[in-house]
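Below is one structure, written out as structure tokens; the observations come after it.
Values reported hereafter were calculated over all heavy atoms of this structure, with side chains retained and with hydrogens, waters and symmetry mates removed. Just so it is clear, the structure is predicted and the values come from calculations on it, not from any experiment. Chain letters run A, B, ... following the sequence lines, proteins first, then strands; residues in each count from 1.
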Amino acid sequence: MGQFQKRLIDWYDKNARVLPWRSSASPYQVLVSEFMLQQTQVDTVLPYYERFLEAFPNLEGLAAADEQEVLKLWEGLGYYRRALNLHRSARKVVECFDGKLPSNRDDLLKLPGVGPYTAAAIASIAFGEAVAAVDGNIRRVYARLFAVEGALGEKDTETKLQSLAADSLLRERPGDYNQALMDLGATVCLPRKPMCDSCPLFEVCLAFQKGLVAALPRRKPKPKVPHLTIVAAVLQDGEKVLIAQRAKGDLLGGMWEFPGGKLEKSDASMEAGLKREIMEELGVLIDVGEPFGVYKHAYTHYKITLHAFLARLKAGESLDKPHGEPETEVLAWVLPGDLINYPMGKVDRLIAEKVIAHNSINAQ
DNA sequence: TACACGTGGAC
DNA sequence: TGTCCAAGTGT
């Protein structure tokens, strides 16, 4: 065993975080945890993981589940395509792998939503295959340990980091070793304030020796994100409100929203823009009423300010007889008390909560 | 290769 | 308040 591998695994044996998908966890539990942990920190995942495992204790249960139920359990966690892919993966395991999760990296890679990192993580952690799982933590740790100067995301850099990980892997305990590197990255070798004082590897860390810890790993500059103005309708019919299901593949695919869209420069007003969007999406004329809140939100690649309005169908309009060819296929008139059952992104959930509060006030 | 894809926490 | 960043994958 190389010098730093022993130090690292000794550190891990004393300092490993206690997590519900470690020790005595089934391969299925590792699968669920790895999907949830993609681009998401441990503390955020924990409550979602517990609820998910309670609802779907095993792979067969998940495969048999309704997609909307899976999305509802994922609500708030983000990157909802992960939930759809996890669901699809469970079904593929049942159909193509006799209900048993594949035990090697190559077969795991055949599952939707399982890429190079996740396949190696499951193979090493759940099945003991000697493969390096290289995530953001591990790339940062190796970039510092070996003073890799190239920027993350560049091909040469990524190849170098993959090679370092593969060559350094502690083949006797690949799952523990991969997780030791991730724990070190998540608790000691932090992106902004690395705690070199308490690092078991500082003596062999080239970045530490060269005074480059704060500078590495280098990153490519991020593009500025555009800011959009969105208008949305709380379309009322009696006590019910209209929600629409977003198309899969798009942002928040499979989730429900209050219909609307981007305000265009050509729109004379927000009310006019909302009428235009509703005609395009639903094929009906509406009367726009009072403003119903302003919501700011930041997605990964753009920011929005959403203006919601109360609205009603114009007299004589019906969603059953739309004008033209509306873009939205799946719609539902829902009582406020039922809105909680529909998976929604953050902003639409906030609007839904206001609708529920609004309704309970009016009911008094 | 570059971009789309969510949300919350740290500073 | 704004920016960065997090156990990545698919296109």
Output side-chain donor-acceptor pairs under 3.5 Å for residues 201-209 of chain A, partner residues at least two apart or in another chain, one line each.
residue: A:E203; atom: OE1; partner: A:R7; partner atom: NH1; Å: 2.7
residue: A:Q209; atom: NE2; partner: A:E203; partner atom: O; Å: 3.1

Query raised in the report: Base, sugar-phosphate, or nothing: which does A:L86 touch, judged by heavy atoms less than 4.0 Å apart?
Result: nothing
Requested in this report: Report which part of the nucleic acid A:P116 touches: base, sugar-phosphate, or nothing (heavy-atom distance under 4.0 Å, all strands).
Outcome: sugar-phosphate
Report task. Please measure how far the C1' atom in C:dT1 lies from the corresponding atom in B:dG8, and state the result in whole Å. Result -> 16 Å
For residues 294-308 of chain A, run the donor-acceptor check on the side chains, cut-off 3.5 Å, and write out each pair with its distance to 0.1 Å, sequence neighbours left out.
residue: A:K296; atom: NZ; partner: A:T305; partner atom: OG1; Å: 3.2
residue: A:T305; atom: OG1; partner: A:H227; partner atom: NE2; Å: 2.8

Query raised in the report: With a 4.0 Å cut-off on heavy atoms, is A:R140 in touch with a base, just the backbone sugar-phosphate, or nothing at all?
Result: sugar-phosphate
**Report entry** A:D167 CG: over 12 foreign heavy atoms closer than 6.0 Å
**Finding:** yes
With a 3.5 Å cut-off and sequence neighbours excluded, list the donor-acceptor pairs that the side chains of residues 187-196 of chain A form with protein atoms.
residue: A:T187; atom: OG1; partner: A:D183; partner atom: O; Å: 2.7

Query raised in the report: Listed in order of residue number, which residues of residues 120-138 of chain A have a non-hydrogen atom at under 4.0 Å from DNA chain C?
Result: A:D135, A:G136, A:N137
Query - Over 12 foreign heavy atoms within 6.0 Å of CZ, A:R171 - result: no
**Report entry** DNA chain B contacts among residues 152-184 of chain A, heavy-atom distance under 4.0 Å
**Finding:** A:G153, A:K155
**Report entry** Terminal contacting nucleotides, 5' and 3', DNA chain C versus chain A (heavy atom, 4.0 Å)
**Finding:** C:dT3 to C:dG10
Query raised in the report: Mind checking the P distance from B:dC3 to C:dC4? Whole angstroms is fine.
Result: 16 Å
**Report entry** A:W74 (side chain) donor-acceptor with A:G78 (main chain) under 3.5 angstrom
**Finding:** yes
Report task. If a pair satisfies salt bridge (Lys or Arg N to Asp or Glu O under 4.0 Å) and one of its residues is in residues 148-160 of chain A, list it, with sequence neighbours excluded. Result -> A:R139-A:E158, A:E149-A:R218
Query raised in the report: How is A:R22 classified with respect to the nucleic acid when contacts are heavy atoms under 4.0 Å: base, sugar-phosphate, or nothing?
Result: base
Query raised in the report: Under a 4.5 Å side-chain heavy-atom rule over Ile, Leu, Val, Met, Phe, Trp and Tyr, are A:F52 and A:L31 clustered together?
Result: yes
Query - Atom NZ of A:K346: over 12 foreign heavy atoms under 6.0 Å - result: no
Requested in this report: Describe the nucleic acid contact of A:K220 in one word from base, sugar-phosphate, nothing, applying a heavy-atom distance below 4.0 Å.
Outcome: sugar-phosphate
Requested in this report: Have a look at A:K224 and say if it touches a base, only the backbone sugar-phosphate, or nothing, with a 4.0 Å heavy-atom cut-off.
Outcome: nothing
Requested in this report: Pick base, sugar-phosphate or nothing for A:T118, based on heavy-atom distances below 4.0 Å to the nucleic acid.
Outcome: sugar-phosphate
**Report entry** A:E239 atom CD, neighbour heavy-atom count above 12 within 6.0 Å
**Finding:** no
Requested in this report: Assign A:V114 to base, sugar-phosphate, or nothing according to its heavy-atom contacts below 4.0 angstrom with the strands shown.
Outcome: sugar-phosphate
Query - side chain to side chain contact (heavy atoms under 4.5 Å, CB included) partners for A:N58, two or more places apart - result: A:E60
Report summary line: By nearest-heavy-atom nucleotide on DNA chain C, the more 5' of A:L37 and A:P112 is A:L37
Report task. Mind checking side-chain hydrogen bond (donor to acceptor under 3.5 Å, both in side chains) for A:Y28 and listing every partner two or more places apart, or none if nothing turns up? Result -> none
**Report entry** Rounded C1' spacing from B:dG9 to C:dT9 in Å
**Finding:** 23 Å
Query raised in the report: Just checking A:W21: base, sugar-phosphate only, or nothing, at a heavy-atom cut-off of under 4.0 Å?
Result: base
Report summary line: Residues at least two apart in sequence or cross-chain that pass side chain to side chain contact (heavy atoms under 4.5 Å, CB included) with A:S103, listed by chain then number, are A:F127
**Report entry** Between C:dA7 and B:dA4 - P atom distance, rounded Å
**Finding:** 23 Å
Requested in this report: Using the test side-chain hydrogen bond (donor to acceptor under 3.5 Å, both in side chains), find all partners of A:Y49 that sit at least two apart in sequence or belong to another chain.
Outcome: A:Q29
Query raised in the report: Using a cut-off of 4.0 Å between protein heavy atoms and nucleotide atoms, how would you tag nucleotides 5-11 of chain B 5' to 3' with B, S and -?
Result: BBBSB--
